[in-house]
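Just follow the structure's listing: the first ligand is 1, and inside any ligand the first atom is 1.
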Amino acid sequence: MSLVVQKYGGSSVADAAALRRVARRVVETVRSGHDVVVTVSAMGDTTDELIELAHEVTDSPDAREMDILLTAGERISMALLAMAINSEGVPAQAFTGPQAGVITTEHHGRARIIDVAPGRLQRAIAQGKVAIVAGFQGLNEETQDVTTLGRGGSDTTAVALAAALGADVCEIYTDVDGVFSADPRIVPTARKLARITYEEMLDMAASGAKVLMPRCVEYARRFNVPIHVRSSFSGHEGTWVVEETEAGGDMEDPIIAGVAHDKSEAKITVTGVPDVPGSAARLFEAVARADVNIDMIVQNVSATNTGVTDISFTLPQASVPDALRAIEADAEAIGYAGLATDDAIGKVSLIGAGMRSNSGVSAKFFAALRDAGVNIEMITTSDIRISVVTRAAHLEKAVRAVHTAFDLDTAEGEAVVYGGTGR
Ligand code: ASP
Ligand code: MG
């Protein structure tokens, strides 16, 4: 007998019929002898709709009230799923994030889980009940307010529950059959990965692969929770996200895990920055004060005798107004000539632990982009990843070209996207 934590995403619980289907799957898992704890996302596009609604009421919704609003989405699905499971003859009880003991930091809209006190869930399990937990939410103990974990946060709820309960596996049910070598919505010949290491998955997620939230992978790696990403629609074996040693590390392992892409970033270029010690520090201190997360940074070599240089960096599109305001407020201290924003950029990343021990990977990557006629605007690398910025309009062909160049295409038939928009 084992303990299984299952997470069902928004497209798996999109309507009443979908909820009943999920209920039957949970009941099957119970009947095959497992203890089951379930966490759910909001139904379909509920979260997006609630956000839109808030913006119809006001231009700047208060972060605390926004969290109260958004947590309602997951509470609807948890209650309905508990009812559906009960009606199948298996006792189930729904718990909000705070009731389930999910304790977070106070940052509304992007709180981090600090701890899970799983007493109530353990009591429910001991009584033979299925515990259904609202994903994406928790409680801050100082303020006694509910918080949300950031978009896609139910993945993190699932892993945190699995870690706190000592579950044998955390199953993440989604609308595709697992983690693919590229987004199957863009690359229909993408292959399903049988397994991927935490490290690779973390880079895939941080580089735009939406199948798992980066924070959830970090959490799983820290507590060594095995994640099984699979489809609630097909029941096929999915992708295991595991420690490197368990993943093999043998000759059979592919050098490259996959290609990720991201269209959600923008680029800010600061021109005419004095080429003296301290300029970059002043610029990025200003950006940091605005609490903006920066991704890539490129500083040009200053042209001969000008004494000034240009610095470009990428950041989430949504953070552009905050970043610009912060830089403009420090304009005098930084002493730049101009500011330009470009949000028509895309980022393509190639990820694979095998890069460490194989040469020629970047050359092949750049050659594939050249052959596809894609210009490279910025480059960054880590030991297991290469990322480049391109025009947004070239992003999809760039992803396909790189995927083909690294022999990742499969002939086994097209990947199935069972539902949802992947957002
Ligand atoms: N419902 C939230 C979202 O749409 C959380 C989640 O689905 O994981 O981002
Ligand atoms: Mg998700």
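Listed by atom number, the atoms of ligand 1 under 4.0 Å from Arg151 heavy atoms are 3 (C), 4 (O), 9 (O). The contact set between ligand 1 and Ser41, taken as ligand atoms under 4.0 Å from a residue heavy atom, comprises 6 (C), 7 (O), 8 (O).
Classified by interplanar angle (parallel below 30°, tilted 30° to 60°, perpendicular above 60°), the ring pair Tyr8/Tyr173 is parallel.
A salt bridge (Lys or Arg N to Asp or Glu O under 4.0 Å) check over residues 222-241, counting only residues at least two apart or in different chains, returns the pairs Glu171-Arg230.
Every residue was checked against the side chain to side chain donor-acceptor pair (under 3.5 Å) condition with Thr157, not counting sequence neighbours, and none meets it.
Between Thr47 and ligand 1, at least one N/O pair is under 3.5 Å apart. Considering both main-chain and side-chain atoms, Phe136 never comes within under 3.5 Å of ligand 1 through any nitrogen or oxygen pair.
Residue contact check for ligand 1: Gly10 places no non-hydrogen atom closer than 4.0 Å to it. Gly152 counts as a contact of ligand 1, since one of its heavy atoms falls under 4.0 Å from the ligand.
Side-chain polar atoms of Ser387 and Arg385 form a donor-acceptor pair below 3.5 angstrom.
Screening Leu69, Leu70, Ile68 against Thr148 for a side-chain contact (heavy atoms from CB on, under 4.5 Å) leaves a single residue, Leu70. The side-chain contact (heavy atoms from CB on, under 4.5 Å) test with Ser181 is passed by exactly one of Lys192, Arg191, Met204: Arg191.
Of the heavy atoms in Glu74, only side-chain atoms (C-beta onward) come closer than 4.0 Å to ligand 1.
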